[in-house]
K.L.:
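This structure is in structure tokens; I'll ask about it shortly.
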Protein chains: 2
Amino acid sequence: MKTRDKILLSSLELFNERGERNITTNHIAAHLAISPGNLYYHFRNKSDIIYEIFQEYENLVDYYLDIPEDRAITLEDLTFYLESVFDGLWSYRFFHRDLEYLLDSDPRLRRDYREFTNRCLAAINRIFGKLAEAGIIEPQPEELRSAMSLNVWLVITNWMAFLKTAHASEESASLTLTELKQGIYQVLTLEIPYLTPEYRERVMVLREKYRPVLPEAAPA
Amino acid sequence: MKTRDKILLSSLELFNERGERNITTNHIAAHLAISPGNLYYHFRNKSDIIYEIFQEYENLVDYYLDIPEDRAITLEDLTFYLESVFDGLWSYRFFHRDLEYLLDSDPRLRRDYREFTNRCLAAINRIFGKLAEAGIIEPQPEELRSAMSLNVWLVITNWMAFLKTAHASEESASLTLTELKQGIYQVLTLEIPYLTPEYRERVMVLREKYRPVLPEAAPA
DNA sequence: CTATTATTAGAGTATATACTCTAGGCAGTC
DNA sequence: GACTGCCTAGAGTATATACTCTAATAATAG
């Protein structure tokens, strides 16, 4: 593998594990057993590394959230979208952790992220539309649908922070993909009241698969 | 005012304005025109300052979220809770920005914050219970109520980050309390499907007061 | 083989950061 | 007036961090 790609890969790995704030360019170089000079030959600065990683993330999610225009949407599609979004969140989990700082230090990133968010919101909105078309949820006025989409986005992007900050376990490193995907339970909770009678049961069964197993309240 | 209190006040102000990550103890001392030595006479380290500020925040929110046991809850109560929580979020807005890092660097903070979150979730849950008792929302099974409470919490604690990262304006400093309180619109959106016919209109009118004024999509 | 270009090592640097240490001032008290 | 305890100044330090510079080594082209 090219050194350049190794830098991106190691950076992502280290950022995810220990947080962008705790990883310096020297750490990355040391981890790869290359010199700092070498790293800076491939990237002008740390921001450029992060920016490029973000673009990978962006492409991944854009790819997953490509909603078909020509056919109806199914419950399997919905599952796929949800699973994919949380997979993406997991693979690039360092990003949301220091989001505000990162956007403050890189105008390109701020602009791109804003557009990325808007695309995601639009995709969620379209999914809601198609779910209504498919008779899975009741159709709702556009105004409500937008607000609901935004709530879905807020729940999705905050679920990981909730797990890492409020969860019972002491070590923050203990987060797993399985736990993260329990966020799907929370997202489906938002949709419950809008489900059509025909689909209600099926969605409730799907939701149940992601129910968090409470680790707290151990017997005294 | 005592130097110690001035340090806490200035720290909070600077953290809120520029982010904890961008503010050093030397900055704080300089801002107060005192020596670093003086600052470190009053606080052992930066973490201690942050911890103490968190305790103020905690006390404030605990005070606001004291749900009366002896009487029914009204729509005015609900408004008060929502306004208060967003006021608190505003006054200590630096805190959620770097939450994960802060908790990683201070075990006391991690423990206290986890308990704080649980208290907030319990309070939201109780509010839902009392809203049902008051006939404002339909009663729901405990399991659903818990999941809804968690979603409310996720929306509340992520709303500010959304504004700061995804909003149209370029400068992140431009956030206002008014904008922040539009998060109430999002929270009330979650409750819409559960409203009783008697209260539906009143809540919808209340919600309308917080409707965001879209700054985007200006005429071309 | 030679010339050029791409890649790498590694020492080095300017700046920042959290924090320490010593000396001394100031208010109150006997 | 001397003593005491609280508070403050300010120079200083060890370490870290993002990044640079030079020289050398591969890789490639003619």
Side-chain angles (χ1 to χ4, degrees), chain A residues 1-54 94-95 97-110, chain B residues 1-54 94-95 97-110:
Chain A
M1 194 190 301
K2 294 258 185 203
T3 302
R4 198 188 145 82
D5 294 326
K6 283 200 254 176
I7 293 171
L8 289 173
L9 216 66
S10 277
S11 299
L12 176 58
E13 185 188 328
L14 291 171
F15 289 162
N16 277 342
E17 269 172 22
R18 299 178 42 203
E20 178 271 340
R21 187 169 176 177
N22 298 314
I23 295 298
T24 72
T25 47
N26 291 347
H27 284 134
I28 300 166
H31 184 256
L32 284 168
I34 66 173
S35 64
N38 194 356
L39 186 147
Y40 278 91
Y41 169 76
H42 290 285
F43 293 93
R44 273 215 338 277
N45 51 44
K46 197 181 173 188
S47 253
D48 276 10
I49 299 178
I50 294 165
Y51 184 58
E52 206 144 319
I53 295 179
F54 167 70
F94 86 93
F95 189 69
R97 176 176 163 151
D98 288 302
L99 187 55
E100 292 192 42
Y101 175 83
L102 296 176
L103 300 196
D104 277 348
S105 14
D106 191 341
R108 295 170 303 176
L109 199 58
R110 175 173 293 284
Chain B
M1 195 191 301
K2 295 257 183 203
T3 302
R4 198 188 144 81
D5 295 326
K6 282 199 257 178
I7 292 171
L8 289 172
L9 218 65
S10 277
S11 299
L12 176 58
E13 186 189 328
L14 292 172
F15 289 161
N16 277 342
E17 271 172 20
R18 299 177 44 204
E20 178 270 339
R21 187 169 177 177
N22 298 315
I23 295 297
T24 72
T25 48
N26 291 348
H27 284 135
I28 300 167
H31 184 256
L32 283 168
I34 65 173
S35 63
N38 194 355
L39 186 146
Y40 277 91
Y41 170 79
H42 291 285
F43 293 93
R44 274 214 338 277
N45 50 44
K46 198 182 173 188
S47 252
D48 276 10
I49 299 178
I50 294 165
Y51 184 59
E52 206 144 318
I53 295 178
F54 166 70
F94 86 93
F95 189 69
R97 174 174 164 154
D98 287 302
L99 187 55
E100 291 191 44
Y101 175 82
L102 296 177
L103 300 195
D104 277 349
S105 13
D106 190 341
R108 296 170 302 176
L109 200 58
R110 175 172 293 282

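All chains are named by letter (A, B, ...) in the order of the sequence lines, taking the proteins before the strands, and each is independently numbered beginning at 1. Please read all numbers here as calculations on a predicted model, not as lab measurements.
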K.L.:
I want to check one thing: is the phosphate of dT7(C), taken as OP1 and OP2, less than 4.0 Å away from some side-chain N or O of Y41(A)?
P.N.:
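Yes, such a contact exists.
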
K.L.:
Between dA18(C), dC19(D), dT17(C), spot the one nearest the side chain of T25(A), thanks.
P.N.:
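Nearest to the side-chain atoms of T25(A), counting from C-beta on, is dC19(D).
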
K.L.:
Can you tell me how far C1' of dC19(D) sits from NE2 of H27(A), to the nearest Å?
P.N.:
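Nearest whole value for this atom pair: 15 Å.
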
K.L.:
What's the separation between atom CZ in F94(B) and atom CD1 in I50(B), rounded to the nearest 0.5 Å?
P.N.:
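It is 6.0 Å, given to the nearest 0.5 Å.
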
K.L.:
I want to verify a distance call: between dC19(C), dT7(C), dT20(D), whose nearest atom is closest to the H42(A) side chain?
P.N.:
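Between dC19(C), dT7(C), dT20(D), the one nearest the side chain of H42(A) would be dT7(C).
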
K.L.:
If you measure from the Lys or Arg side-chain nitrogens to the Asp or Glu carboxylate oxygens, is any gap between D104(B) and R21(A) under 4.0 Å?
P.N.:
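Answer for the salt bridge query: no.
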
K.L.:
So which one's nearest nucleotide on DNA chain C is more toward 5', S47(B) or S35(A)?
P.N.:
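Looking at DNA chain C, the more 5' nearest nucleotide goes with S35(A).
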
K.L.:
By nearest heavy atom, map N26(B) and R4(B) onto DNA chain D; which one lands nearer the 5' end?
P.N.:
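The answer here is R4(B).
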
K.L.:
Any ion pair linking D106(B) and K46(B) (charged N to carboxylate O, less than 4.0 Å)?
P.N.:
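Salt bridge: no.
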
K.L.:
Rounded to whole angstroms, how far apart are CZ on R18(A) and P on dA16(D)?
P.N.:
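Interatomic distance, CZ of R18(A) to P of dA16(D): 12 Å.
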
K.L.:
Any side-chain heavy atom of F43(A) sitting closer than 4.5 Å to one from L8(A)?
P.N.:
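With C-beta onward as the side chain, the pair touches.
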
K.L.:
Please tell me which of T24(A) and N38(A) maps to the more 5' nucleotide of DNA chain D, matching each residue to the nucleotide holding its nearest heavy atom.
P.N.:
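The 5'-side residue here is T24(A).
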
K.L.:
Rounded off to whole Å, could you give me the CG-to-C1' distance for the L32(A) and dA9(C) pair?
P.N.:
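Rounding to the nearest Å, CG of L32(A) and C1' of dA9(C) are 14 Å apart.
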
K.L.:
Answer yes or no: does a side-chain N or O of T3(B) lie under 4.0 Å from OP1 or OP2 of dT8(D)?
P.N.:
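Indeed, a polar side-chain atom of T3(B) lies that close.
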
K.L.:
Separation of N45(A) atom CG from dT20(D) atom P, in whole Å?
P.N.:
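That distance rounds to 8 Å.
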
K.L.:
Over how many whole Å does the gap from I28(A) atom CD1 to dT17(D) atom P extend?
P.N.:
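After rounding, the reported distance stands at 11 Å.
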
K.L.:
Between dC7(D) atom P and K6(B) atom NZ, what is the distance in whole Å?
P.N.:
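So the two atoms are 13 Å apart, to the nearest Å.
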
K.L.:
Please determine, for the side chain of K46(A), which listed nucleotide (dA18(D), dC19(C), dG10(C)) has the closest atom?
P.N.:
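Of all the options, the side chain of K46(A) is nearest to dA18(D).
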
K.L.:
So how far is it from H42(A) NE2 to E52(A) CD, rounded to the nearest 0.5 Å?
P.N.:
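Reported to 0.5 Å precision, the distance equals 12.0 Å.
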
K.L.:
To the nearest Å, how far apart are I23(B) CD1 and dA16(C) P?
P.N.:
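Whole-Å distance recorded here is 14 Å.
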
K.L.:
dT15(D) C1' sits how many Å from N22(A) CG, rounded?
P.N.:
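It is 16 Å, rounded to the nearest whole Å.
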
K.L.:
Tell me which nucleotide among dC7(D), dC19(C), dC19(D) gets nearest to the side chain of K2(B).
P.N.:
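Comparing dC7(D), dC19(C), dC19(D) against the side chain of K2(B), the answer is dC7(D).
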
K.L.:
Pick base, sugar-phosphate or nothing for I34(A), based on heavy-atom distances below 4.0 Å to the nucleic acid.
P.N.:
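Sugar-phosphate: the residue I34(A), judged by heavy atoms under 4.0 Å, touches backbone atoms but no base.
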
K.L.:
Can you tell me if the side-chain N/O atoms of Y40(B) get under 4.0 Å from OP1 or OP2 in dC19(C)?
P.N.:
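Indeed, a polar side-chain atom of Y40(B) lies that close.
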
